[in-house]
Amino acid sequence: MGATPWARGAVVQVRAAGGAVAHQSRAVAALLSLQELEVSRLASKGLSNREIGDRMHLSSRTVGSHLYWTFPKLGISARAELRDLDFG
């Protein structure tokens, strides 16, 4: 429906205010491609880029690129912050 920019903005604003996002897994899914979502989910479980790449048949550089583009979409700046998100 074209609401991705508003969903992204809402997630960022609520997180910046210290709040939790209800139905966050839907909000996260709306912001990311399926591959970005899967890479982020695996990274949130503590897997390295190489381990994620092996599971998804991607290079570790591609995994790093997905994470690089995913962080601003989710309003985070560190890999450890992925653990706080609900990927469903």
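All values below come from the heavy atoms of this structure, side chains included, with hydrogens, waters and symmetry mates left out.
We find the CG-CG distance between Leu67 and Asn49 to be 5.5 Å, quoted to the nearest 0.5 Å. Distance check: Glu38 CD to Leu32 CG gives 11.5 Å after rounding to the nearest 0.5 Å. Atoms OG and CG, on Ser59 and Asp54 in that order, are 10.5 Å from each other to the nearest 0.5 Å. Interatomic distance, Ser44 OG to Glu81 CD, rounded to the nearest 0.5 Å: 13.0 Å. For the atom pair CG (Leu31) and CG (Leu74), the distance works out to 6.0 Å, reported to the nearest 0.5 Å. Taken to the nearest 0.5 Å, the CZ atom of Arg41 stands 9.0 Å off from the CG atom of Leu47.
At most 12 non-hydrogen atoms from other residues, nucleotides or ligands lie less than 6.0 angstrom from CZ of Arg55.
Among all heavy-atom pairs drawn from Ile52 and Val39, the shortest one is CD1-O, 3.9 Å. Summarising the geometry of Glu51 relative to Gly46, their closest heavy-atom pair is OE1-O, 4.4 Å, with the distance given to 0.1 Å. Nearest approach of Trp69 to Glu36, heavy atoms of both residues: CB-OE2, 4.2 Å. When all heavy atoms of Ala43 and Arg79 are compared, the pair lying nearest together is CB-NH2, 3.7 Å. When all heavy atoms are compared, the tightest approach of Thr70 to Ser40 is CG2-OG, 3.2 Å.
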From CA spacing to verdict: side chain to side chain contact (heavy atoms under 4.5 Å, CB included), Gln35, Leu58: CA-CA 10 Å; Gln35 201 162 44; Leu58 302 170; 3.4 Å; yes

